[in-house]
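I have placed the structure first, in the form of C-alpha coordinates, so that the comments after it can refer back to it.
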Amino acid sequence: MEEAAAPERERDRKRPRDGDMDPSTSAGAPPSTAAAVAGASGEAQYVYLPVADALKAPGARVCLFAAVSEIGAAVRSRGTDFTLTLRIVDQSRASGISVTFFADNTALLPCVRSSGDVISLHNVVITMHHGEFFVTYNKKFSSFALFEGKASTECRPYQCSLKYHGSKHDNEILTQMRMWLVYNPPGLKDLELQLRSIKSDSTFDLVCKVLDVHEASNGVRILYVWDGTDTPVTEFPMILDSKSVSPPPLHLEGAPLPREVLCTLPCVGSVLRVFANRLFKEIPHLQKGIYWARFCNITCKQEFSMWKGILLPSSRVRLLSNEDGSVVDRLNRINTQIHRQPMACLCSASDIADVEYERAGYTTLMESLTHGEVTHKFKTLVRVVAAHPHRASDLCSLLAGNRCVRLTLEDPTARVHAFIHKDDGAKFFGGFLTAEALTRKMNRLLGIPEDTEEGAPLTRNPPWIWCCLKSYRLNKNDPWGTRRYRIFGTEIRD
DNA sequence: TTGGGG
(Lines give C-alpha, C1' and ligand atoms only; values in the text may rest on other atoms or scores of the structure.)
Protein backbone atom coordinates (compact mmCIF):
# COMPACT_ATOMS: atom_id res chain seq x y z
CA MET A 1 0.00 0.00 0.00
CA GLU A 2 3.04 2.27 0.24
CA GLU A 3 3.01 2.55 -3.52
CA ALA A 4 -0.58 3.75 -3.40
CA ALA A 5 0.18 6.45 -0.89
CA ALA A 6 3.23 7.79 -2.67
CA PRO A 7 1.48 9.62 -5.51
CA GLU A 8 -0.54 11.69 -3.10
CA ARG A 9 2.55 12.84 -1.22
CA GLU A 10 4.01 13.79 -4.57
CA ARG A 11 0.88 15.68 -5.42
CA ASP A 12 0.87 17.44 -2.07
CA ARG A 13 4.21 18.96 -2.84
CA LYS A 14 3.00 20.27 -6.19
CA ARG A 15 0.06 21.95 -4.55
CA PRO A 16 0.51 25.23 -2.73
CA ARG A 17 -0.13 24.98 0.99
CA ASP A 18 -3.07 26.89 2.37
CA GLY A 19 -0.96 29.90 3.33
CA ASP A 20 0.59 30.15 -0.14
CA MET A 21 -2.60 29.69 -2.04
CA ASP A 22 -3.94 32.31 -4.34
CA PRO A 23 -6.37 34.17 -2.08
CA SER A 24 -9.04 33.93 -4.75
CA THR A 25 -9.53 30.22 -4.04
CA SER A 26 -9.64 30.46 -0.25
CA ALA A 27 -12.75 29.79 1.77
CA GLY A 28 -15.10 32.72 1.79
CA ALA A 29 -13.90 34.09 -1.52
CA PRO A 30 -16.59 35.68 -3.67
CA PRO A 31 -18.11 33.23 -6.17
CA SER A 32 -16.91 35.22 -9.14
CA THR A 33 -13.22 34.52 -8.55
CA ALA A 34 -11.50 31.96 -10.73
CA ALA A 35 -9.36 29.01 -9.74
CA ALA A 36 -7.19 29.57 -12.78
CA VAL A 37 -4.17 31.74 -12.24
CA ALA A 38 -1.88 33.14 -14.89
CA GLY A 39 1.49 31.41 -15.04
CA ALA A 40 4.74 33.20 -15.79
CA SER A 41 4.38 32.41 -19.49
CA GLY A 42 0.90 33.87 -19.56
CA GLU A 43 -0.85 30.49 -20.06
CA ALA A 44 -3.50 29.57 -17.55
CA GLN A 45 -2.42 27.29 -14.74
CA TYR A 46 -4.99 25.33 -12.82
CA VAL A 47 -4.64 24.51 -9.16
CA TYR A 48 -6.29 21.16 -8.49
CA LEU A 49 -7.65 20.72 -5.01
CA PRO A 50 -8.37 17.44 -3.30
CA VAL A 51 -12.16 17.14 -3.12
CA ALA A 52 -12.08 17.29 0.69
CA ASP A 53 -10.21 20.61 0.55
CA ALA A 54 -12.51 22.04 -2.10
CA LEU A 55 -15.45 21.54 0.26
CA LYS A 56 -13.92 24.13 2.55
CA ALA A 57 -14.60 26.74 -0.09
CA PRO A 58 -18.30 26.55 -0.93
CA GLY A 59 -19.28 29.02 -3.61
CA ALA A 60 -15.76 29.41 -4.95
CA ARG A 61 -14.64 28.18 -8.34
CA VAL A 62 -12.33 25.24 -7.93
CA CYS A 63 -10.50 22.73 -10.10
CA LEU A 64 -10.71 19.00 -9.37
CA PHE A 65 -8.96 15.93 -10.75
CA ALA A 66 -10.80 12.78 -9.78
CA ALA A 67 -12.03 9.34 -10.86
CA VAL A 68 -15.60 8.70 -12.01
CA SER A 69 -17.26 6.15 -9.73
CA GLU A 70 -20.85 6.29 -10.96
CA ILE A 71 -22.36 7.26 -14.28
CA GLY A 72 -25.86 8.68 -14.52
CA ALA A 73 -27.93 9.09 -17.65
CA ALA A 74 -28.32 12.30 -19.63
CA VAL A 75 -31.86 13.65 -19.39
CA ARG A 76 -33.70 16.86 -20.18
CA SER A 77 -33.77 19.24 -17.24
CA ARG A 78 -36.88 21.03 -16.12
CA GLY A 79 -35.35 24.15 -17.58
CA THR A 80 -34.02 24.42 -21.12
CA ASP A 81 -30.91 22.28 -20.72
CA PHE A 82 -29.88 18.69 -20.59
CA THR A 83 -28.39 17.46 -17.36
CA LEU A 84 -26.23 14.59 -16.19
CA THR A 85 -24.97 13.50 -12.80
CA LEU A 86 -21.66 11.76 -12.17
CA ARG A 87 -20.15 10.72 -8.89
CA ILE A 88 -16.43 11.29 -8.55
CA VAL A 89 -13.90 10.14 -5.94
CA ASP A 90 -10.34 10.90 -5.08
CA GLN A 91 -7.95 9.92 -2.31
CA SER A 92 -9.21 12.65 0.00
CA ARG A 93 -12.84 11.56 -0.13
CA ALA A 94 -13.58 7.87 -0.62
CA SER A 95 -17.34 8.47 -0.39
CA GLY A 96 -17.02 10.79 -3.38
CA ILE A 97 -19.19 13.70 -4.39
CA SER A 98 -21.96 14.18 -6.90
CA VAL A 99 -21.30 16.44 -9.90
CA THR A 100 -24.21 17.93 -11.83
CA PHE A 101 -23.60 18.99 -15.43
CA PHE A 102 -25.79 21.19 -17.59
CA ALA A 103 -25.52 21.73 -21.34
CA ASP A 104 -27.60 22.93 -24.28
CA ASN A 105 -27.41 19.50 -25.89
CA THR A 106 -26.36 16.03 -24.83
CA ALA A 107 -23.29 16.00 -27.07
CA LEU A 108 -21.79 18.68 -24.84
CA LEU A 109 -22.23 16.57 -21.71
CA PRO A 110 -19.46 14.22 -20.62
CA CYS A 111 -19.96 10.75 -22.07
CA VAL A 112 -18.02 8.54 -19.66
CA ARG A 113 -16.95 5.27 -21.26
CA SER A 114 -16.36 3.47 -18.01
CA SER A 115 -16.45 4.06 -14.31
CA GLY A 116 -12.85 4.34 -13.18
CA ASP A 117 -12.12 6.84 -15.95
CA VAL A 118 -10.50 10.08 -14.86
CA ILE A 119 -12.06 13.52 -15.13
CA SER A 120 -10.50 16.95 -14.90
CA LEU A 121 -12.90 19.71 -13.86
CA HIS A 122 -12.01 23.39 -14.19
CA ASN A 123 -13.92 26.18 -12.50
CA VAL A 124 -16.70 24.15 -10.97
CA VAL A 125 -18.55 25.39 -7.91
CA ILE A 126 -19.10 23.63 -4.60
CA THR A 127 -22.68 23.97 -3.41
CA MET A 128 -24.68 22.60 -0.54
CA HIS A 129 -28.19 21.22 -0.54
CA HIS A 130 -29.97 19.62 2.41
CA GLY A 131 -26.68 19.48 4.27
CA GLU A 132 -24.93 17.62 1.46
CA PHE A 133 -22.13 18.92 -0.73
CA PHE A 134 -22.46 18.93 -4.51
CA VAL A 135 -20.29 20.05 -7.39
CA THR A 136 -22.03 22.14 -10.01
CA TYR A 137 -20.70 22.44 -13.53
CA ASN A 138 -21.67 25.79 -14.99
CA LYS A 139 -21.84 25.73 -18.79
CA LYS A 140 -20.77 29.38 -18.95
CA PHE A 141 -17.44 29.12 -17.18
CA SER A 142 -16.72 25.48 -16.27
CA SER A 143 -14.85 22.99 -18.46
CA PHE A 144 -13.98 19.31 -18.30
CA ALA A 145 -11.76 16.65 -19.85
CA LEU A 146 -12.19 12.89 -19.69
CA PHE A 147 -9.28 10.46 -19.70
CA GLU A 148 -9.14 6.68 -19.82
CA GLY A 149 -8.63 4.91 -16.49
CA LYS A 150 -5.80 2.98 -14.93
CA ALA A 151 -5.21 0.53 -17.79
CA SER A 152 -4.18 3.28 -20.20
CA THR A 153 -1.04 5.37 -20.70
CA GLU A 154 -2.74 7.73 -23.15
CA CYS A 155 -2.52 11.27 -21.79
CA ARG A 156 -4.80 12.95 -24.30
CA PRO A 157 -8.40 13.25 -23.19
CA TYR A 158 -10.93 11.18 -25.12
CA GLN A 159 -13.45 13.93 -24.67
CA CYS A 160 -13.17 17.52 -23.51
CA SER A 161 -15.41 20.53 -23.44
CA LEU A 162 -14.82 23.30 -25.98
CA LYS A 163 -13.26 25.67 -23.46
CA TYR A 164 -11.01 23.13 -21.77
CA HIS A 165 -7.35 24.16 -21.61
CA GLY A 166 -4.89 21.52 -20.49
CA SER A 167 -2.73 22.51 -17.62
CA LYS A 168 1.00 22.06 -17.25
CA HIS A 169 0.76 19.31 -14.66
CA ASP A 170 -2.22 17.44 -16.15
CA ASN A 171 -0.13 14.53 -17.41
CA GLU A 172 1.65 14.08 -14.10
CA ILE A 173 -1.53 14.24 -12.07
CA LEU A 174 -3.24 11.87 -14.49
CA THR A 175 -0.46 9.31 -14.03
CA GLN A 176 -0.68 9.67 -10.25
CA MET A 177 -4.43 9.24 -10.34
CA ARG A 178 -4.07 6.07 -12.44
CA MET A 179 -1.54 4.65 -9.98
CA TRP A 180 -3.92 5.38 -7.13
CA LEU A 181 -6.75 3.68 -9.07
CA VAL A 182 -4.74 0.46 -9.38
CA TYR A 183 -5.04 0.00 -5.63
CA ASN A 184 -8.35 1.77 -5.15
CA PRO A 185 -10.78 0.68 -7.85
CA PRO A 186 -13.97 2.67 -7.37
CA GLY A 187 -17.23 0.97 -6.76
CA LEU A 188 -16.49 -2.14 -4.69
CA LYS A 189 -19.07 -2.06 -1.94
CA ASP A 190 -19.95 -4.14 1.12
CA LEU A 191 -23.58 -4.60 0.18
CA GLU A 192 -22.78 -5.86 -3.28
CA LEU A 193 -24.15 -9.36 -3.77
CA GLN A 194 -23.99 -11.85 -6.58
CA LEU A 195 -27.17 -13.51 -7.75
CA ARG A 196 -25.98 -16.67 -5.98
CA SER A 197 -26.31 -15.03 -2.57
CA ILE A 198 -29.47 -12.93 -2.80
CA LYS A 199 -31.90 -13.10 0.12
CA SER A 200 -35.59 -12.35 0.42
CA ASP A 201 -36.74 -9.07 1.92
CA SER A 202 -33.34 -7.50 2.40
CA THR A 203 -31.83 -4.70 0.36
CA PHE A 204 -28.51 -4.95 -1.41
CA ASP A 205 -26.58 -3.88 -4.49
CA LEU A 206 -26.38 -6.07 -7.56
CA VAL A 207 -23.93 -5.73 -10.44
CA CYS A 208 -25.42 -7.41 -13.48
CA LYS A 209 -25.47 -7.49 -17.22
CA VAL A 210 -28.87 -6.39 -18.48
CA LEU A 211 -29.85 -8.85 -21.21
CA ASP A 212 -33.19 -7.39 -22.12
CA VAL A 213 -35.75 -4.84 -21.00
CA HIS A 214 -39.42 -5.52 -21.59
CA GLU A 215 -42.27 -3.12 -20.95
CA ALA A 216 -45.41 -4.86 -19.77
CA SER A 217 -48.81 -3.52 -20.76
CA ASN A 218 -49.33 -1.93 -17.32
CA GLY A 219 -46.20 0.19 -17.70
CA VAL A 220 -44.13 -2.07 -15.46
CA ARG A 221 -40.69 -2.72 -16.84
CA ILE A 222 -39.07 -6.10 -16.51
CA LEU A 223 -35.30 -6.17 -16.66
CA TYR A 224 -33.66 -9.50 -17.44
CA VAL A 225 -30.36 -9.44 -15.57
CA TRP A 226 -27.56 -11.97 -15.24
CA ASP A 227 -24.14 -12.24 -13.65
CA GLY A 228 -23.20 -15.83 -14.51
CA THR A 229 -24.08 -17.28 -11.10
CA ASP A 230 -27.13 -19.32 -10.07
CA THR A 231 -29.80 -17.85 -7.83
CA PRO A 232 -30.19 -19.85 -4.59
CA VAL A 233 -32.56 -22.80 -4.65
CA THR A 234 -36.03 -21.74 -3.55
CA GLU A 235 -38.38 -23.49 -1.18
CA PHE A 236 -41.72 -24.95 -2.14
CA PRO A 237 -44.90 -25.10 -0.09
CA MET A 238 -45.41 -28.53 1.47
CA ILE A 239 -49.08 -28.66 0.60
CA LEU A 240 -49.62 -29.58 -3.01
CA ASP A 241 -52.80 -28.28 -4.52
CA SER A 242 -54.22 -31.51 -5.88
CA LYS A 243 -57.37 -29.83 -7.15
CA SER A 244 -55.55 -27.25 -9.23
CA VAL A 245 -55.52 -28.27 -12.85
CA SER A 246 -53.46 -25.32 -14.06
CA PRO A 247 -49.75 -26.08 -14.01
CA PRO A 248 -47.31 -24.00 -11.96
CA PRO A 249 -46.01 -21.00 -13.94
CA LEU A 250 -42.73 -21.43 -15.80
CA HIS A 251 -41.78 -17.75 -15.51
CA LEU A 252 -42.86 -14.54 -13.79
CA GLU A 253 -43.82 -12.57 -16.89
CA GLY A 254 -47.33 -12.97 -18.19
CA ALA A 255 -46.53 -14.25 -21.66
CA PRO A 256 -43.50 -16.35 -22.56
CA LEU A 257 -40.61 -14.45 -24.11
CA PRO A 258 -40.60 -14.41 -27.92
CA ARG A 259 -38.26 -17.08 -29.22
CA GLU A 260 -35.85 -14.54 -30.75
CA VAL A 261 -35.43 -12.95 -27.31
CA LEU A 262 -35.24 -16.27 -25.48
CA CYS A 263 -32.46 -17.40 -27.80
CA THR A 264 -30.29 -14.46 -26.72
CA LEU A 265 -30.33 -15.55 -23.06
CA PRO A 266 -27.24 -17.35 -21.75
CA CYS A 267 -27.31 -21.12 -21.24
CA VAL A 268 -25.51 -21.07 -17.89
CA GLY A 269 -26.47 -19.11 -14.79
CA SER A 270 -29.82 -17.69 -13.72
CA VAL A 271 -31.61 -14.80 -15.38
CA LEU A 272 -33.30 -12.72 -12.69
CA ARG A 273 -36.41 -10.79 -13.59
CA VAL A 274 -36.24 -7.35 -11.96
CA PHE A 275 -39.49 -5.39 -11.88
CA ALA A 276 -39.51 -1.58 -12.00
CA ASN A 277 -42.74 0.29 -11.33
CA ARG A 278 -41.45 3.57 -12.63
CA LEU A 279 -39.05 4.38 -15.42
CA PHE A 280 -35.57 4.97 -14.04
CA LYS A 281 -33.92 7.31 -16.48
CA GLU A 282 -30.99 4.92 -16.93
CA ILE A 283 -33.15 2.04 -18.17
CA PRO A 284 -33.43 3.21 -21.81
CA HIS A 285 -29.62 3.45 -21.92
CA LEU A 286 -29.40 -0.16 -20.78
CA GLN A 287 -31.37 -1.29 -23.79
CA LYS A 288 -28.53 -0.21 -26.02
CA GLY A 289 -26.51 -3.02 -24.45
CA ILE A 290 -23.36 -0.94 -23.90
CA TYR A 291 -23.47 -0.91 -20.18
CA TRP A 292 -23.60 -3.30 -17.29
CA ALA A 293 -25.44 -1.82 -14.34
CA ARG A 294 -25.20 -1.49 -10.61
CA PHE A 295 -28.63 -1.77 -9.04
CA CYS A 296 -28.29 0.02 -5.73
CA ASN A 297 -30.56 -0.76 -2.82
CA ILE A 298 -32.81 -3.25 -4.55
CA THR A 299 -34.73 -6.08 -2.93
CA CYS A 300 -36.11 -9.43 -3.96
CA LYS A 301 -38.65 -12.00 -2.93
CA GLN A 302 -39.91 -15.37 -4.05
CA GLU A 303 -43.07 -15.65 -6.12
CA PHE A 304 -44.31 -19.11 -7.12
CA SER A 305 -40.98 -20.24 -5.66
CA MET A 306 -39.17 -18.16 -8.28
CA TRP A 307 -36.88 -15.23 -7.53
CA LYS A 308 -38.23 -11.79 -8.35
CA GLY A 309 -36.08 -8.66 -8.14
CA ILE A 310 -37.83 -5.39 -7.27
CA LEU A 311 -36.65 -1.83 -7.81
CA LEU A 312 -37.81 0.24 -4.81
CA PRO A 313 -38.52 3.98 -4.78
CA SER A 314 -35.19 4.33 -2.99
CA SER A 315 -33.35 2.13 -5.52
CA ARG A 316 -30.95 3.60 -8.03
CA VAL A 317 -29.54 2.38 -11.29
CA ARG A 318 -25.98 3.24 -12.27
CA LEU A 319 -24.34 2.51 -15.54
CA LEU A 320 -21.09 0.57 -15.63
CA SER A 321 -19.04 -0.63 -18.56
CA ASN A 322 -17.21 -3.87 -19.24
CA GLU A 323 -14.08 -2.26 -17.79
CA ASP A 324 -15.56 -1.47 -14.38
CA GLY A 325 -13.81 -3.30 -11.54
CA SER A 326 -16.92 -5.13 -10.38
CA VAL A 327 -17.77 -6.14 -13.94
CA VAL A 328 -14.25 -7.37 -14.70
CA ASP A 329 -14.45 -9.44 -11.53
CA ARG A 330 -17.64 -11.10 -12.76
CA LEU A 331 -16.47 -11.57 -16.33
CA ASN A 332 -13.34 -13.31 -15.08
CA ARG A 333 -15.44 -15.78 -13.17
CA ILE A 334 -17.83 -16.34 -16.07
CA ASN A 335 -14.98 -16.88 -18.52
CA THR A 336 -13.22 -19.40 -16.30
CA GLN A 337 -16.36 -21.24 -15.28
CA ILE A 338 -15.69 -24.91 -15.88
CA HIS A 339 -18.62 -26.25 -13.92
CA ARG A 340 -21.75 -25.69 -15.90
CA GLN A 341 -23.85 -27.91 -13.69
CA PRO A 342 -26.02 -26.21 -11.07
CA MET A 343 -23.86 -24.64 -8.38
CA ALA A 344 -26.18 -25.98 -5.69
CA CYS A 345 -25.47 -29.63 -6.47
CA LEU A 346 -21.79 -29.62 -7.32
CA CYS A 347 -20.91 -31.73 -4.31
CA SER A 348 -24.23 -33.43 -3.78
CA ALA A 349 -25.58 -34.69 -7.10
CA SER A 350 -28.34 -37.00 -5.98
CA ASP A 351 -28.31 -40.66 -6.94
CA ILE A 352 -32.07 -40.87 -6.70
CA ALA A 353 -32.37 -41.50 -10.44
CA ASP A 354 -30.60 -43.80 -12.87
CA VAL A 355 -30.20 -42.60 -16.42
CA GLU A 356 -29.55 -44.68 -19.50
CA TYR A 357 -28.51 -41.95 -21.86
CA GLU A 358 -24.83 -42.24 -21.07
CA ARG A 359 -23.45 -40.93 -24.34
CA ALA A 360 -25.00 -37.50 -23.99
CA GLY A 361 -23.17 -34.72 -22.24
CA TYR A 362 -24.78 -32.52 -19.66
CA THR A 363 -27.16 -29.89 -21.02
CA THR A 364 -28.93 -27.10 -19.14
CA LEU A 365 -32.63 -26.52 -19.66
CA MET A 366 -31.92 -23.14 -21.25
CA GLU A 367 -29.48 -24.77 -23.63
CA SER A 368 -32.27 -27.04 -24.79
CA LEU A 369 -34.89 -24.28 -24.93
CA THR A 370 -32.60 -22.30 -27.24
CA HIS A 371 -31.47 -25.35 -29.24
CA GLY A 372 -31.70 -24.81 -32.99
CA GLU A 373 -33.92 -27.81 -33.67
CA VAL A 374 -37.29 -28.61 -32.17
CA THR A 375 -36.32 -32.21 -31.47
CA HIS A 376 -33.55 -32.51 -28.94
CA LYS A 377 -32.36 -35.41 -26.78
CA PHE A 378 -30.25 -34.63 -23.74
CA LYS A 379 -29.31 -35.45 -20.17
CA THR A 380 -29.80 -32.84 -17.50
CA LEU A 381 -29.80 -32.16 -13.75
CA VAL A 382 -33.10 -30.84 -12.41
CA ARG A 383 -35.44 -30.65 -9.44
CA VAL A 384 -39.06 -31.74 -9.66
CA VAL A 385 -41.02 -28.65 -8.68
CA ALA A 386 -44.47 -30.13 -9.10
CA ALA A 387 -46.28 -33.19 -10.46
CA HIS A 388 -49.78 -33.64 -11.83
CA PRO A 389 -51.31 -35.82 -10.75
CA HIS A 390 -49.24 -36.60 -7.69
CA ARG A 391 -51.60 -38.76 -5.63
CA ALA A 392 -50.90 -42.45 -5.88
CA SER A 393 -54.45 -43.46 -6.70
CA ASP A 394 -54.55 -41.07 -9.66
CA LEU A 395 -51.08 -42.09 -10.77
CA CYS A 396 -51.96 -45.79 -10.76
CA SER A 397 -55.01 -45.32 -12.91
CA LEU A 398 -53.18 -42.95 -15.23
CA LEU A 399 -50.28 -45.28 -15.77
CA ALA A 400 -52.60 -48.19 -16.36
CA GLY A 401 -54.58 -46.11 -18.80
CA ASN A 402 -53.26 -44.14 -21.68
CA ARG A 403 -52.55 -40.72 -20.21
CA CYS A 404 -49.47 -38.84 -19.09
CA VAL A 405 -48.03 -37.57 -15.85
CA ARG A 406 -46.88 -33.98 -16.07
CA LEU A 407 -43.79 -32.99 -14.09
CA THR A 408 -42.58 -29.42 -13.74
CA LEU A 409 -38.78 -29.46 -13.78
CA GLU A 410 -36.37 -26.66 -13.03
CA ASP A 411 -32.66 -25.97 -13.03
CA PRO A 412 -30.97 -22.61 -12.39
CA THR A 413 -31.52 -21.55 -15.99
CA ALA A 414 -35.19 -22.35 -16.64
CA ARG A 415 -38.35 -24.29 -15.85
CA VAL A 416 -40.11 -26.68 -18.22
CA HIS A 417 -43.03 -29.06 -18.10
CA ALA A 418 -42.08 -32.62 -19.01
CA PHE A 419 -44.44 -35.51 -19.56
CA ILE A 420 -44.02 -39.12 -18.57
CA HIS A 421 -45.77 -41.06 -21.29
CA LYS A 422 -47.56 -44.25 -20.54
CA ASP A 423 -44.82 -46.44 -21.94
CA ASP A 424 -42.12 -44.66 -19.92
CA GLY A 425 -44.15 -44.64 -16.70
CA ALA A 426 -43.42 -48.17 -15.61
CA LYS A 427 -39.73 -47.66 -16.36
CA PHE A 428 -39.67 -44.32 -14.53
CA PHE A 429 -41.31 -45.62 -11.38
CA GLY A 430 -39.62 -49.02 -11.55
CA GLY A 431 -42.54 -51.27 -12.48
CA PHE A 432 -46.23 -51.32 -11.73
CA LEU A 433 -46.04 -50.48 -8.05
CA THR A 434 -48.47 -50.55 -5.18
CA ALA A 435 -50.06 -47.24 -4.28
CA GLU A 436 -47.83 -47.02 -1.19
CA ALA A 437 -44.64 -47.56 -3.17
CA LEU A 438 -45.71 -45.00 -5.79
CA THR A 439 -46.47 -42.44 -3.10
CA ARG A 440 -43.09 -42.99 -1.50
CA LYS A 441 -41.30 -42.46 -4.82
CA MET A 442 -43.28 -39.40 -5.78
CA ASN A 443 -42.74 -37.85 -2.34
CA ARG A 444 -39.01 -38.38 -2.62
CA LEU A 445 -39.01 -36.66 -6.00
CA LEU A 446 -40.97 -33.69 -4.66
CA GLY A 447 -38.85 -33.42 -1.52
CA ILE A 448 -41.65 -34.37 0.86
CA PRO A 449 -40.10 -36.05 3.92
CA GLU A 450 -41.37 -39.37 5.31
CA ASP A 451 -44.07 -38.97 7.94
CA THR A 452 -42.54 -37.38 10.98
CA GLU A 453 -44.03 -37.41 14.44
CA GLU A 454 -43.58 -33.75 15.23
CA GLY A 455 -42.28 -30.52 13.76
CA ALA A 456 -43.26 -31.31 10.20
CA PRO A 457 -41.59 -28.66 8.01
CA LEU A 458 -43.77 -26.19 6.14
CA THR A 459 -41.62 -26.29 3.04
CA ARG A 460 -40.10 -29.00 0.92
CA ASN A 461 -36.79 -29.10 -0.84
CA PRO A 462 -36.77 -31.37 -3.91
CA PRO A 463 -33.49 -33.21 -4.57
CA TRP A 464 -31.47 -32.78 -7.76
CA ILE A 465 -31.91 -35.70 -10.12
CA TRP A 466 -30.29 -36.75 -13.35
CA CYS A 467 -32.89 -37.03 -16.04
CA CYS A 468 -33.07 -37.77 -19.78
CA LEU A 469 -35.35 -35.53 -21.78
CA LYS A 470 -36.34 -35.34 -25.39
CA SER A 471 -38.36 -32.63 -27.08
CA TYR A 472 -40.83 -33.08 -29.89
CA ARG A 473 -43.59 -31.14 -31.62
CA LEU A 474 -47.31 -31.76 -31.69
CA ASN A 475 -47.99 -29.84 -34.88
CA LYS A 476 -45.56 -29.58 -37.74
CA ASN A 477 -47.18 -26.32 -38.85
CA ASP A 478 -46.31 -24.71 -35.52
CA PRO A 479 -43.26 -26.65 -34.34
CA TRP A 480 -42.02 -24.16 -31.71
CA GLY A 481 -45.47 -23.27 -30.43
CA THR A 482 -46.34 -26.93 -29.87
CA ARG A 483 -42.97 -28.07 -28.56
CA ARG A 484 -43.21 -30.55 -25.65
CA TYR A 485 -40.74 -32.32 -23.42
CA ARG A 486 -40.86 -35.98 -22.56
CA ILE A 487 -38.87 -37.96 -20.02
CA PHE A 488 -37.19 -41.17 -21.22
CA GLY A 489 -34.54 -43.60 -20.05
CA THR A 490 -34.82 -42.44 -16.46
CA GLU A 491 -35.65 -44.57 -13.43
CA ILE A 492 -36.30 -43.41 -9.90
CA ARG A 493 -34.40 -45.59 -7.44
CA ASP A 494 -35.80 -46.94 -4.23
C1' DT B 1 -32.89 28.34 -14.61
C1' DT B 2 -32.27 23.55 -14.63
C1' DG B 3 -30.29 19.66 -10.32
C1' DG B 4 -29.54 17.75 -5.82
C1' DG B 5 -29.73 9.78 -4.60
C1' DG B 6 -37.89 10.46 -6.22
Side-chain angles (χ1 to χ4, degrees), chain A residues 31-32 51-52 54-55 57-62 64 66-90 93-112 115 119 121 123-144 161 163 186-193 202-208 219-221 223 274-286 291-299 309-320 324 326:
Chain A
S32 59
V51 172
L55 302 186
R61 293 183 193 180
V62 294
L64 305 171
V68 179
S69 61
E70 293 180 6
I71 310 166
V75 288
R76 202 177 275 283
S77 78
R78 263 182 270 170
T80 56
D81 282 339
F82 289 87
T83 181
L84 168 80
T85 298
L86 300 179
R87 195 165 188 89
I88 61 169
V89 293
D90 71 359
R93 192 171 162 95
S95 62
I97 188 166
S98 179
V99 188
T100 310
F101 293 82
F102 294 100
D104 302 324
N105 67 70
T106 53
L108 299 174
L109 291 169
C111 182
V112 183
S115 51
I119 191 164
L121 292 164
N123 297 318
V124 289
V125 180
I126 305 292
T127 54
M128 187 174 252
H129 185 77
H130 291 309
E132 192 185 347
F133 286 113
F134 292 88
V135 175
T136 300
Y137 180 95
N138 187 304
K139 64 182 178 185
K140 291 198 185 71
F141 55 76
S142 304
S143 58
F144 74 85
S161 61
K163 288 194 293 257
L188 292 172
K189 300 217 175 99
D190 294 344
L191 281 172
E192 195 175 291
L193 297 184
S202 64
T203 57
F204 49 85
D205 289 5
L206 211 53
V207 171
C208 277
V220 171
R221 279 159 186 87
L223 288 76
V274 178
F275 287 70
N277 275 317
R278 65 180 174 89
L279 178 60
F280 288 76
K281 60 180 189 256
E282 291 80 9
I283 289 178
H285 293 252
L286 292 169
Y291 298 102
W292 280 54
R294 168 175 288 113
F295 297 94
C296 306
N297 203 46
I298 76 163
T299 189
I310 298 161
L311 282 172
L312 301 164
S314 60
S315 299
R316 297 172 316 271
V317 180
R318 289 294 173 256
L319 309 175
L320 308 169
D324 179 89
S326 299

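FYI, side chains are in, hydrogens and waters are out, and symmetry mates aren't considered; it's all heavy atoms of this structure. Below, chain A is the first sequence line, B the second, and so on; all start at residue 1.
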(request) Would you give the length of the straight line joining atom SG of A:Cys296 to atom CG of A:Leu311, rounded to the nearest 0.5 angstrom? (result) 10.0 Å
(request) Specify whether A:Phe101 and A:Phe144 have parallel, tilted or perpendicular ring planes, treating 30° as the upper limit for parallel and 60° as the lower limit for perpendicular. (result) perpendicular
(request) Look at all strands and tell whether A:Arg76 reaches a base, only sugar-phosphate, or nothing, counting heavy atoms closer than 4.0 Å. (result) nothing
(message) At 4.0 Å (heavy atoms only), tell me whether A:Lys281 reaches a base, stays on the sugar-phosphate, or touches nothing.
(response) nothing
(request) Have a look at A:Thr85 and say if it touches a base, only the backbone sugar-phosphate, or nothing, with a 4.0 Å heavy-atom cut-off. (result) nothing
(request) State, with a plain yes or no, whether a side-chain heavy atom of A:Asn277 is found less than 4.5 Å away from one of A:Phe275. (result) no
(request) Give one of base, sugar-phosphate or nothing for A:Arg316, where a contact means two heavy atoms less than 4.0 Å apart. (result) base
(request) Please find the earliest and latest nucleotides of DNA chain B, in the 5' to 3' direction, that have an atom within less than 4.0 Å of any heavy atom of chain A. (result) B:dT1 to B:dG6
(request) Between A:Lys139 and A:Arg278, name the one whose nearest nucleotide on DNA chain B is closer to the 5' end. (result) A:Lys139
(request) Keeping to residues at least two apart or across chains, list the salt bridge (Lys or Arg N to Asp or Glu O under 4.0 Å) pairs with something in residues 93-110 of chain A. (result) A:Asp104-A:Lys139
(request) Side-chain contact test, heavy atoms from C-beta onward, threshold under 4.5 Å: evaluate it for A:Thr100 versus A:Val135 and give yes or no. (result) no
(request) Could you pull out the closest heavy-atom pair between A:Phe280 and A:Leu312, with the gap in Å? (result) CZ-O, 3.6 Å
